[in-house]
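First up is the structure itself, then whatever we jot down about it.
Convention: sequence-line order gives letters A, B, ...; per-chain numbering from 1.
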Number of protein chains: 2
Amino acid sequence: MSSKLLQAESQTGRACGNSASDMSNCPVRDVMDRIAGKWSTLLLEALAQRPYRFGELRRLVPDISQRMLTQTLRDLQRDGYIDRQVFPTKPPSVEYRMTELGHSLFQPLAQVLLWAEQNHASVKAARQRYDESELARN
Amino acid sequence: MSSKLLQAESQTGRACGNSASDMSNCPVRDVMDRIAGKWSTLLLEALAQRPYRFGELRRLVPDISQRMLTQTLRDLQRDGYIDRQVFPTKPPSVEYRMTELGHSLFQPLAQVLLWAEQNHASVKAARQRYDESELARN
DNA sequence: CGGGATCCTGCAAGATACTG
DNA sequence: CAGTATCTTGCAGGATCCCG
């Protein structure tokens with residue numbers, strides 16, 4: 001099941017993480033490491049809807065620091081997921097917009113996020129069971 | 001597009017990250033934070049194929065430390081994605097096996113990993129373009 | 001308004017050694 | 001074999017101030 005991916009990998013020679021210095025040759029890690037960031041998915045989720053300006057994103061995700069907002073946006077832009085457009089008004093305004101590449105990534109990603117919502121209860125239940133059985137052992 | 005998720009969220013009141021202390025009420029972050037770990041996806045990928053023993057997983061992912069292997073496996077077990085079965089042989093052997101919940105998570109997740117493989121080149125290209133244009137500005 | 005430049009902290013993750 | 005127990009460290013991420 002879900003075999004194509006894994007077949008490809010077992011042909012390439014095991015599940016990445018190989019010769020220590022080829023992390024950039026491991027697509028899984030290379031892409032996931034960016035998505036993994038604390039705020040990446042939240043911002044991708046927002047920008048998948050429609051373009052947003054910097055301040056709008058701040059208000060959308062209140063507990064992000066402006067430092068991390070700037071940095072995460074730049075990282076996403078660097079990987080080609082979003083575009084940045086500056087309007088030389090005064091004061092200046094900057095709009096972030098998801099690219100085609102970003103949308104194509106978000107399509108499968110959204111399925112994972114959907115799974116997360118639908119199965120959050122099961123995960124929390126499993127977590128509680130585990131913690132209780134661990135508690136009983138001590 | 002991909003609207004159900006986002007509709008649900010805008011009804012709930014913005015893209016999580018709300019009142020600072022409700023991180024466990026944000027399914028996206030709660031699930032993603034586990035997947036986001038440096039080794040989680042690689043181990044899920046392996047165990048989606050078939051059960052593995054501890055030492056086998058070590059050999060599959062050579063540059064993981066045994067500390068992180070143990071910890072990541074326990075975290076995945078805690079969230080109900082994998083099961084741990086001890087065979088009281090001597091020396092003891094322990095088998096890790098993906099649960100149904102784990103497989104149901106891996107199904108959408110595999111699509112993201114597949115995307116990563118197929119679009120890795122585009123990402124690397126975008127990254128290079130960005131770096132070069134940044135270089136030119138300085 | 002949309003950042004940059006600094007400083008600081010906690011925690012993820014590595015290294016090493018020991019054990020049932 | 002399959003772990004625990006420590007010690008250590010790099011870096012993600014937060015707080016704060018400044019600037020065009």
Side-chain angles (χ1 to χ4, degrees), chain A residues 16-17 19-21 23 26 29-30 32-43 46-47 51-79 82-97 134 137-138, chain B residues 16-17 20-21 23 26 29 32-43 46-47 51-79 82-97 134 137-138:
Chain A
C16 294
S19 30
S21 62
M23 306 237 299
C26 175
R29 288 274 308 278
D30 204 24
M32 289 305 290
D33 280 358
R34 182 132 320 282
I35 295 173
K38 193 172 179 182
W39 308 106
S40 307
T41 51
L42 256 16
L43 293 179
L47 291 169
Y52 278 103
R53 289 179 46 193
F54 189 87
E56 291 180 308
L57 289 170
R58 267 203 98 171
R59 269 166 263 130
L60 261 178
V61 190
D63 49 353
I64 191 176
S65 63
Q66 89 288 44
R67 184 195 187 284
M68 287 318 294
L69 180 53
T70 304
Q71 185 177 300
T72 306
L73 286 172
R74 287 230 269 112
D75 288 344
L76 293 176
Q77 184 194 357
R78 190 170 102 99
D79 281 20
I82 63 178
D83 263 342
R84 191 183 106 115
Q85 193 174 0
V86 183
F87 298 97
T89 58
K90 39 184 178 178
S93 82
V94 179
E95 186 183 271
Y96 293 90
R97 178 186 298 265
E134 277 304 292
R137 291 182 58 262
N138 306 348
Chain B
C16 294
S21 62
M23 304 236 300
C26 175
R29 288 274 307 276
M32 288 305 289
D33 280 358
R34 184 134 319 285
I35 295 174
K38 193 173 180 182
W39 307 106
S40 308
T41 50
L42 293 188
L43 293 179
L47 291 169
Y52 278 103
R53 290 179 44 194
F54 189 86
E56 292 181 308
L57 289 170
R58 265 203 100 171
R59 267 166 263 130
L60 261 177
V61 190
D63 49 354
I64 190 175
S65 63
Q66 88 288 45
R67 186 195 185 284
M68 287 318 293
L69 180 54
T70 304
Q71 184 178 301
T72 307
L73 287 172
R74 285 230 266 107
D75 289 344
L76 293 175
Q77 184 195 356
R78 190 170 103 98
D79 281 20
I82 63 178
D83 262 343
R84 191 184 109 117
Q85 192 174 359
V86 183
F87 297 98
T89 58
K90 38 182 176 179
S93 82
V94 179
E95 187 183 271
Y96 293 91
R97 178 187 298 266
E134 277 305 292
R137 291 182 59 262
N138 307 347

Practice problem: Could you check which of C:dG4, C:dA17, D:dG14 has an atom nearest any side-chain atom of A:Q66? | Solution: C:dG4
Quiz item: Under 4.0 Å between a side-chain N/O of B:R53 and OP1 or OP2 of D:dA2, yes or no?
Solution: yes
Self-check item: Rounded distance (nearest 0.5 Å) linking atom CG of B:L76 with atom CD1 of B:I35
Solution: 9.5 Å
Quiz item: When the distance from CD1 of B:I64 to C1' of D:dG3 is rounded to whole Å, what number comes out?
Solution: 14 Å
Practice problem: Output all residues satisfying side chain to side chain contact (heavy atoms under 4.5 Å, CB included) with A:P51, sequence neighbours left out; order by chain, then residue number. | Solution: A:E95, A:R97
Practice problem: Would you give the length of the straight line joining atom OG1 of A:T41 to atom CZ of A:R34, rounded to the nearest 0.5 angstrom? | Solution: 13.0 Å
Exercise. Return yes if some donor-acceptor pair links the side-chain N/O of A:T72 with the main-chain N/O of A:S40 below 3.5 Å, else return no.
Key: no
Quiz prompt | Of the listed nucleotides C:dG2, D:dA2, C:dA13, the one nearest the side chain of B:M68 | solution = C:dA13
Exercise. Identify whether any heavy atom of B:Q71 sits under 4.0 Å from a base atom; if not, whether one sits that close to sugar-phosphate; answer base, sugar-phosphate or nothing.
Key: nothing
Exercise. Could you tell me, to 10°, how much the axis swings from one end of the helix from C:dC1-D:dG20 to C:dG20-D:dC1 to the other, five pairs per end?
Key: 50°
Exercise. Answer yes or no: is there a donor N or O on one side and an acceptor on the other, between the side chain of B:T70 and the main chain of B:Q66, under 3.5 Å?
Key: yes
Practice problem: Could you check whether A:Y96 gets within reach of a base, just the sugar-phosphate, or nothing at all, counting any heavy atom under 4.0 Å? | Solution: sugar-phosphate
Practice problem: Please state how far atom CZ in B:R74 lies from atom C1' in D:dT4, giving the value in whole angstrom units. | Solution: 9 Å
Quiz item: Pick the nucleotide of DNA chain D nearest each of B:S93 and A:A36; which residue has the one closer to the 5' end?
Solution: B:S93
Quiz prompt | B:P91 side chain, from C-beta outward: closest of D:dG14, D:dG3, D:dC1 | solution = D:dC1
Quiz prompt | Below 4.0 Å: OP1/OP2 of D:dG20 and any side-chain N or O of A:K90 | solution = no
Quiz item: Between B:F87 (CZ) and D:dG3 (C1'), how many Å, whole number?
Solution: 17 Å
Self-check item: Length of the CG-C1' vector between B:L69 and C:dA12, whole Å
Solution: 16 Å
Exercise. Give the rounded distance in Å between these two atoms: OH of A:Y52 and C1' of C:dG2.
Key: 18 Å
Self-check item: For atom CG of B:D63 and atom C1' of C:dA12, their distance in whole Å
Solution: 16 Å
Quiz prompt | Between C1' of C:dA13 and CG of B:L42, the distance in whole Å | solution = 15 Å
Exercise. Please determine, for the side chain of B:P92, which listed nucleotide (C:dG20, D:dG20, C:dA13) has the closest atom?
Key: C:dG20
Quiz item: Taking only residues two or more places apart in sequence or in another chain, which ones pass side chain to side chain contact (heavy atoms under 4.5 Å, CB included) with A:R84?
Solution: A:Q77, A:V86, A:V94, A:Y96
Quiz item: Looking only at heavy atoms, which two atoms of B:Y52 and B:L47 are closest? And how far apart?
Solution: N-CD2, 3.7 Å
Quiz item: For the residue pair B:F54 and B:L73, what are the closest heavy atoms and their distance?
Solution: CD1-CD1, 4.1 Å
Quiz item: Could you give the CD1-to-P distance, from B:I35 to C:dA12, as a whole number of Å?
Solution: 17 Å
Self-check item: Any B:R67 side-chain N or O less than 4.0 Å from OP1/OP2 of D:dC7
Solution: no
